[in-house]
Each structure stands twice: as structure tokens, then as C-alpha cells.
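Chain identifiers are assigned alphabetically (A, B, ...) following the order of the sequence lines, protein sequences preceding nucleic acid strands; residue numbering begins at 1 within each chain.
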Protein chains: 2
Amino acid sequence: MSQDFSLGTVEVALGPRERFEEFLQSRGKRITQQRRALVDEVFKRHDHFDADDLILHLSRVSSNRRVSRPTVYRTLVELVDAGLLRSMTLGGRTVYEHDYGYPQHDHLHCQKCNKLIEFHSDEVARIGEALAQEYQFRVTGHRLIFSGICADCRVQKRPTRKLDLV
Amino acid sequence: MSQDFSLGTVEVALGPRERFEEFLQSRGKRITQQRRALVDEVFKRHDHFDADDLILHLSRVSSNRRVSRPTVYRTLVELVDAGLLRSMTLGGRTVYEHDYGYPQHDHLHCQKCNKLIEFHSDEVARIGEALAQEYQFRVTGHRLIFSGICADCRVQKRPTRKLDLV
DNA sequence: ATTTATGCAAATCCTTTGCAAATCT
DNA sequence: AGATTTGCAAAGGATTTGCATAAAT
């Protein structure tokens, strides 16, 4: 099994838009202006975002690029179904990130500034395999978030002490 | 280093109720009927629960055990602050579990029947330590959830069980 | 010509808040 | 007494839905 991923360039057969259209067709769904606008907007981003970010950017655009609030939400669900996006809930809000042609990773979440730092660890997958075996559980994915205070935010606070894990 | 935990009995200095009262006092907060009722109700449980579960059980009790919705929510926050409970968001809902005198663990979440299976892994903490070092991040906790299909649900072709989707 | 998708407004769901009355210390 | 809490009703914020109209196949 080869790892074709690298942080800079990623090997994927199709672009996200093509991939989405393929998905839509496979389900008898239609390729509309707003779905196109959405994928484009979503893949213009390279960080984490939520529905409101998109709504904000798509609400004041020329009419054929304008997408309504309900449609943004409806399409976001489809993009997740299509495997293009991954979602996670952070403090009541649903946050999205690319999941297509993007290396598997997990997060460090700063509780002060809300920053998300990505990291990768093979360990996690190994733990998952062991668990699958032990519990006869079919693991399809995981979500690991370490929370705490990021380097930037630590500066303002107390002197640097030894890290105390909870 | 000794592991004083066992799944059956756990060593703790105080019971949850005493611990909570200690916490309240240390903050100049008051020990009220409803806070007492809440801790008791919460620690009667041994599984995961949400605010509504508690509200349901505490809404039709004799007047001195009755607790209103807002108070349930307010007290839940305090219980988390006090380190007695831990919360996580699962599909828009906030779910709680004991965090006091309860071994550190993570979860396997069955997407079919919604079951939560707990497991423990020291590995995760180790990953956290490594990351803390690497990113100069102060890790205060983590949340790891493997999702997939549990053994029970894998066996059944058709879901014959209740599935309360979240 | 069908059938699906969109947008609007209103509805839901969970959670939080303002405030007067009740309850602690 | 004096301060904190409670409960009620209402507000909030994010996400969803009903339905008539617009757009895609």
C-alpha cells in the first residue's frame, strides 16, 4: 500500500467539483448553479469554516452566484455525504474541512483563541485497529481532538511549567 | 506508579455530593435543594445522559426534589467545572458522563444503534505528550471517538433494534 | 413536461437570559 | 438582612422544514 499523500500536492483523480457532479448524478440529483457555487466557494478555502462563513460570502454575490441559507445547509450535508467534506462539532457549531484529497489528520484545539492546529499520527489508526479486533467493531473513522492552550495564548499567562495532563 | 483504578470499585476521597459541596463552598456558591437533587440524580446514573434525561426525571418529583429546566442546565455547567462531569457533543446534543473517580477513557460510537462503548488507552495520553512538546501546546484534555458499526449491529442484516438517531 | 431544487418565512431544537420571587448563610 | 438562586417566560442561535415558484433534465 503506497502513501501518495504529501502536504503540498495531493494525488486525486478528479477535482472536487467534478467529483461532486459525479456524486450528484449517481444519485439522480441535479447540478444546479448554487451547488456549483457552493463547491467552488468551499474549495477556495484552505482552513476550517462553518455554514455562516459561506452564507456571508455567498449572500452578496451576483444573482447567479447567490445561495440562500437553507440551500447552504442542504448542500453542506450533500458535500459531506459525497466525501468531499468532513464535519465536526465544536462548541455547538458545526465546523467543516476538506476531506477529499486531503491527508488524514486530527486536531489540537485552543480553548482560548479557538484556533485549530492539525497534526497527523499513525498511532491513532493503530489504536483503532486494535480496538476493532478487540470489540469486533467495524471502525469507519475517528475524531481526536486535544484541547488546551496554544503556544501563542500561553505567553500571556503564567510562567511555563511542566505540562500537566488531565 | 500504581494504577488504583479498577472498573468495579474506584478509590476516591469523597463522594460526588461531598465533592460538589466542597467545590461550591470554595466558590462562595450555595448548597441548595436543587443542586443536591441534581448531583444525586446525576450519580444515580451509570451511563451517558443529556440535560433532557435529567429534566424528565426531575420534573415530576415531589416539590423539594423538583428542578426546573434552566437550573438543570446551569448546574450541569457547574458539575463540569467541578470536575464531576465531562461533556461531549454528539450530533448537536450535549452528552454527559461521570468524570470523578472514573478512569480516563475514550469511546467507540456505533452509528447504527447509537451505542457508546468505552475503552482505555494509554497510547492517547502519550500522543498528547508528544504533541504538547512539539507544538508548545498545553494539553488539558482530549476527546477520541472511533465511529463505526458495533458487533451487535454487524450481525443483524436488518436493524431490529430501536435506533434513536441523534 | 416532469421532477427536483430553491428561497422565503416560519418552525424546531437545544440552550440561555432577564427578572421578580424564593431561598441560603 | 443581604446575597445568591430559582423558576417562569421569553429570547437566542444554529439548523431545518413547508410550500409555492424557479430551474434542471
Report the C-alpha separation of B:Phe43 and B:His46 in whole Å, then their side-chain angles, then the decisive distance to 0.1 Å, and conclude whether the ring pair (Phe, Tyr, Trp, His ring centres under 6.0 Å) test is met. CA-CA 7 Å; B:Phe43 280 86; B:His46 282 292; 8.5 Å; no

B:Gln25 has an atom CD; how far is it from atom C1' of C:dC24, in whole Å? 12 Å

Nearest-nucleotide comparison on DNA chain C, the residue closer to the 5′ end among B:Lys29 and B:Ala51: B:Ala51

Report the residues that fulfil salt bridge (Lys or Arg N to Asp or Glu O under 4.0 Å) with A:Arg19, sequence neighbours left out, ordered by chain and then residue number. none

So that I can tick it off, tell me whether B:Arg17 and B:Asp40 are bridged by a salt bridge, with the cut-off set at under 4.0 angstrom between side-chain N and carboxylate O. yes

Quick test of your reading of the model: are B:Lys115 and B:Asp47 salt-bridged, counting only N-O distances below 4.0 Å? no

May I ask you to check whether B:His107 and B:Phe119 place their ring centres under 6.0 Å from each other? no

In whole Å, I'd like the distance from the CG atom of B:Leu56 to the P atom of C:dC14. 13 Å

In terms of heavy-atom contacts, A:Cys110 and A:Ile149 come closest through SG-CA, 4.1 Å

For the side chain of A:Arg30, starting at C-beta, report the closest nucleotide among C:dT23, C:dT3, C:dT15. C:dT3

Bending between helix ends of the helix from C:dA1-D:dT25 to C:dT25-D:dA1 [5 pairs per end, 10° resolution]: 30°

With a 3.5 Å cut-off and no angle check, do the side chains of B:Asp122 and B:His120 form a donor-acceptor pair? yes

Has the side chain of B:His48 got a donor or acceptor atom that lies under 3.5 Å from a matching backbone atom of B:His98? no

Is any side-chain N or O of B:Thr94 closer than 4.0 Å to OP1 or OP2 of C:dC14? no

Residue list, ring-ring contact (aromatic ring centres under 6.0 Å, His included) with B:Tyr135, at least two apart or on another chain: none

Could you tell me whether B:His109 and B:Phe146 have their ring centroids closer than 6.0 angstrom? no

Of residues 69-86 of chain A, the positions that come close to DNA chain C - non-hydrogen atoms, cut-off under 4.0 Å: A:Pro70, A:Thr71, A:Arg74

Expressed in angstrom and rounded to an integer, what is the separation of B:Asn64 atom CG from D:dG7 atom P? 11 Å

Please state how far atom CE in B:Met88 lies from atom C1' in C:dC14, giving the value in whole angstrom units. 17 Å

Specify the residues of residues 31-46 of chain A, ordered by number, for which at least one heavy atom lies under 4.0 angstrom from an atom of DNA chain C. A:Thr32, A:Gln34, A:Arg35

Applying salt bridge (Lys or Arg N to Asp or Glu O under 4.0 Å), name anything that partners A:Glu97, two or more places apart in sequence or on another chain. A:Arg86

What is the distance, rounded to the nearest whole Å, between atom CZ of A:Arg93 and atom P of D:dT16? 14 Å

Distance in angstrom units between B:Ile55 CD1 and D:dT6 C1', rounded: 14 Å

How is A:Arg66 classified with respect to the nucleic acid when contacts are heavy atoms under 4.0 Å: base, sugar-phosphate, or nothing? sugar-phosphate

Could you tell me the separation between the CG atom of B:Asp50 and the P atom of C:dC13, rounded to a whole number of Å? 14 Å

